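As structure tokens, the structure follows; a few thoughts come after it.
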Amino acid sequence: MKNYILSIFNDLSNKLDYLQNQSILLEVPKNTGHGDLSCNIAMILSKQLKKSPREVAEEIISSLKYSDNIINDIKIAGHGFINFYFTDSFSSKIINEILEQGDNFGKTKIYAGKKANVEFVSANPTGPLTVGHGRNAVVGDTLANLLSWVGYKVDREYYFNNAGRQMRVLGDSVKLRYLELLGEKITFPEDYYQGEYIKDIAQKLIDEKGDTLKKDDPDGNFKEKAENEIFDDIKTTLSNLKIHHDIFYNEKQLYDDGKIKNLLNELKYKKLSYEKDGAVWFKITELGGEQDKVIVKATGEPTYRLPDIAYHITKFERGYDLIVDLFGSDHNATYPDVLAGLKANGKNTEKIKIIIHQFVTILENGQIVKMSTRKANFITLDELTEEVGSDVVRYFFNMRDVSSHMNFDLSLAKTQSDENPVFYLQYAHARICSILNMIKDEKLKVSTDHLELLVKNEEKLLIKKLRQFKEEIELSARLFETHRICTYLEELATHFHKFYTFCRILGSEKNLAEARIALATATKTVIKNGLQILGVSAPEKM
RNA sequence: GCGCCCGUAGCUCAAUUGGAUAGAGCAACAGCCUUCUAAGCUGUAGGUUAGUGGUUCGAGUCCACUCGGGCGUACCA
């Protein structure tokens, strides 16, 4: 319907030349009394035309040519808003559209033919995923869903590193626990991995190999076993949240393929690197950065920056049109270096969308729980999922803007999970399913033959809300904001519950009952599709 | 110190990217089940949008400063 208004404005621009190169912004007013769509163009042009906004609005409205079948009324309101009111018959056509498209309603082809890569989680296999990782995991997966709804072919990617210092410490930790379990006296350093899971891994090694590994290097069997066990665990945790990655990219491959070496040579050739104090420095100041950074340590080992840049170059080489990185706020200082590196490599960094999400403060009984994998002070994501279920976890992490520093009270989540808004949505869906079961016995069917009978306020508002679904998806995808889907669905469910309360189906006259069934069925489809994007189930019974 | 993020009802958070009277859910109070699921609905109460100034037709949103909180600020990742 936006398109229709834009088209009549376009026709008008031939007549009023000040509309020629003016972009027309239309929005759905908050206040339902202000119509279906609202335009602020008169206020914007008022200064330039030296007329009051209302005068400009008058002039525009009187020249607009439109069909009475589509537009019922156009009014000037407030300081000079032009409000459009659609006819009921035009508005309710959305029900037909939803019923025809079913599970596909809401999908668009805006970005059809484009490839996107969404990298998320990317935790190194040093321990189980914690509640702290939950937000990243859930939002990343949902973002991937959202992008595919607007037409992208999406790959979900997990980047990890099984070399380096942390992994060595991990291997050492397992070996010490192994020796300990075999009865040897050990001293376990404070900065080693303290978690119980390390002992479990050591025990498994004893079960499998006995004491034959006593003399082994911790970097061998111990590290490898730890990595495999932990990775299996991480994948299970993700799978419990219905998250599956398409690609697991090992940093090691960058070395094997010579990508690191190539990049190093290139930077040297372009005079963007230099040697100082035995280390190799990346000349970030040359590229507009704050200060130069070390990319190869004096020990000869690269810092994380070099592989990070090389890794992102591969994403370009792999042909993605959109590259999404989802990081926690602890990474906010690192991505500018990566972008600088990509620019140095001649890549178009516009293709990259870096999303930084803020941390979730975990509370238990009102106390802040500080999480640390190394100190084994954490609540695992698995424990949470088991406790409250995948739907609640997914909904909870999706429902807020990633830039918000959200609080998560575990005790509240466990004891009062009924109050989670996800149940409100699911309940609306279940209620509709229940009605649809019931009408089979009443010889009623879904029919759009008499949608004109839907004239009550609750019906009109529900229809209006249904109309907004597509646009909400497009906006959410464009802004990379999953929480908008939640906000929308909550509003939709509210309108449905009101409709349910005031507009009965059983007992109404047949044509009206069937029109209402059509409306309810359309609502069910939209709720289900919305929940589908969020990765939350739409139960038929509750 | 510097950089990024945040500060909205008692609590958890929205607010169509600068729009009209700042909205939901919890919690509180008062109502609604002999008819499609009461995990619902109706109503009441709750606000100087941390503060001060600025930009303009119009600011929770943009700019400056102040206060308060989170994350960074490695030859760790």
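The chains referred to below are lettered A, B, ... by the order of the sequence lines, with proteins before strands, and numbering in each begins at 1. Quantities reported herein were computed from a predicted structural model and do not represent experimental measurements.
The OH-C1' distance, from A/Y193 to B/rA77, rounds to 10 Å in whole Å. When the P atom of B/rC36 is taken as reference, atom NZ of A/K524 falls 20 Å away, rounded to whole Å. One atom, CZ of A/R484, and another, P of B/rU16, lie 6 Å apart when rounded to the nearest Å. A/I356 has its CD1 atom 19 Å from the P atom of B/rG70, to the nearest Å. In this structure, A/L25 places its CG atom 13 Å from P of B/rA20, rounding to the nearest Å. Straight-line distance from the CD atom of A/E540 to the P atom of B/rU37: 14 Å, rounded to whole Å. Put simply, CD on A/Q291 is 13 Å from C1' on B/rG72, counting in whole angstrom units. The CD-P distance, from A/E458 to B/rG40, rounds to 18 Å in whole Å.
Within 4.0 Å (heavy atoms only), A/H34 reaches at least one base atom of the nucleic acid. Among the atoms of the strands shown, only primed sugar atoms or phosphate atoms (P, OP1, OP2) are found under 4.0 Å from some heavy atom of A/M406. Contact annotation for A/E481: base contact, defined as any heavy-atom pair under 4.0 Å involving a base atom. Contacts of A/A333 with the nucleic acid, taken as non-hydrogen atoms under 4.0 Å apart, involve only primed sugar atoms and P, OP1 or OP2. Among the heavy atoms of the strands lying under 4.0 Å from A/F502 are primed sugar atoms or P, OP1, OP2 only; no base atom is included. At a threshold of 4.0 angstrom between heavy atoms, the contacts of A/N332 include nucleobase atoms, whether or not backbone atoms are also involved. Contacts of A/D401 with the nucleic acid, taken as non-hydrogen atoms under 4.0 Å apart, involve only primed sugar atoms and P, OP1 or OP2. Counting non-hydrogen atoms under 4.0 angstrom, A/A428 reaches nothing in the nucleic acid. Residue contacts shown for A/D292 are absent, as no nucleic acid heavy atom lies under 4.0 Å away. Counting non-hydrogen atoms under 4.0 angstrom, A/C433 reaches nothing in the nucleic acid.
Across all strands shown, the partner of B/rC57 is B/rG19, judged by Watson-Crick or G-U wobble contacts whose two distances both fall under 3.5 Å. Judged by Watson-Crick or G-U wobble contacts below 3.5 Å, the nucleotide B/rC29 has B/rG43 as its partner. Shown here, B/rA64 forms a base pair with B/rU52; the pair counts as Watson-Crick or G-U wobble because both key distances fall under 3.5 Å. Base-pair partner of B/rU73: B/rG1 (Watson-Crick or G-U wobble, both distances under 3.5 Å).
Side-chain atoms of A/K510 and A/L444, non-hydrogen and from C-beta on, do get closer than 4.5 Å to each other.
Between the side chain of A/T334 and the base of B/rA77, no donor-acceptor pair of N or O atoms lies under 3.5 Å. Taking 3.5 Å as the limit, the base of B/rG72 and the side chain of A/D330 contain no donor-acceptor pair of atoms between them. For A/N420 against B/rA39, no side-chain N or O and base N or O form a donor-acceptor pair under 3.5 Å. Between the side chain of A/Y427 and the base of B/rA39 there is no donor-acceptor pair of N/O atoms closer than 3.5 Å. Taking 3.5 Å as the limit, the base of B/rC5 and the side chain of A/H405 contain a donor-acceptor pair of atoms between them.
For the C1' atom pair drawn from B/rA38 and B/rU61, the interatomic distance equals 39 Å after rounding to whole Å. Across the C1' atoms, B/rG40 and B/rU49 are found 31 Å apart, a figure rounded to whole Å. Only the C1' atoms considered, B/rG46 is 14 Å distant from B/rA24, to the nearest whole Å. Between B/rU44 and B/rU37, the two P atoms lie 29 Å apart (nearest whole Å). The separation of B/rU73 from B/rG10, taken at their P atoms, amounts to 37 Å, rounded to a whole angstrom. Rounded to whole Å, the separation between the C1' atoms of B/rC29 and B/rU66 comes to 40 Å. Spacing between B/rU48 and B/rG60 at atom C1', rounded to whole Å, works out to 13 Å. A distance of about 36 Å separates the P atoms of B/rG47 and B/rC2, rounded to the whole Å.
Relative to the side chain of A/I435, the nucleotides B/rC36, B/rG19, B/rG40 differ in distance, and B/rC36 lies closest. Looking at the side chain of A/S434, the nearest of the listed nucleotides B/rC76, B/rC36, B/rU16 is B/rC36.
In this model, a donor atom of one side chain and an acceptor atom of the other lie less than 3.5 Å apart for A/T494 and A/Y424. Looking only at atom types and distance, the side chain of A/H312 has a donor-acceptor partner in the side chain of A/D325 under 3.5 Å away. There is no side-chain donor-acceptor pair under 3.5 Å between A/D233 and A/Y197. With no hydrogens or angles considered, no side-chain donor-acceptor pair links A/Q426 and A/Y395 at under 3.5 Å. In this structure, a donor-acceptor pair under 3.5 Å is present between the side chains of A/Q166 and A/Y193. Side-chain atoms of A/N124 and A/T126 include no donor-acceptor pair closer than 3.5 Å.
With centres under 5.5 Å and a plane angle under 30°, the ring of A/F81 is stacked against the base of B/rA20.
Residue A/K528 places its NZ atom among 12 or fewer non-hydrogen atoms of other residues, nucleotides or ligands, all under 6.0 Å distant.
Side-chain nitrogen and oxygen atoms of A/K293 include none within less than 4.0 Å of the OP1 or OP2 phosphate oxygen of B/rA74.
Toward the 5' end of RNA chain B, the nearer of the two residues A/N161 and A/M438, judged by each one's closest nucleotide, is A/M438. Along RNA chain B, the nucleotide closest to A/E301 and the one closest to A/E27 are compared, and the more 5′ of them pairs with A/E27.
Nucleotide B/rC33 is shown with a syn base, its glycosidic torsion being within 90° of 0.
Under the 30°/60° scheme for interplanar angles, the aromatic rings of A/F359 and A/H357 are found to stand perpendicular.
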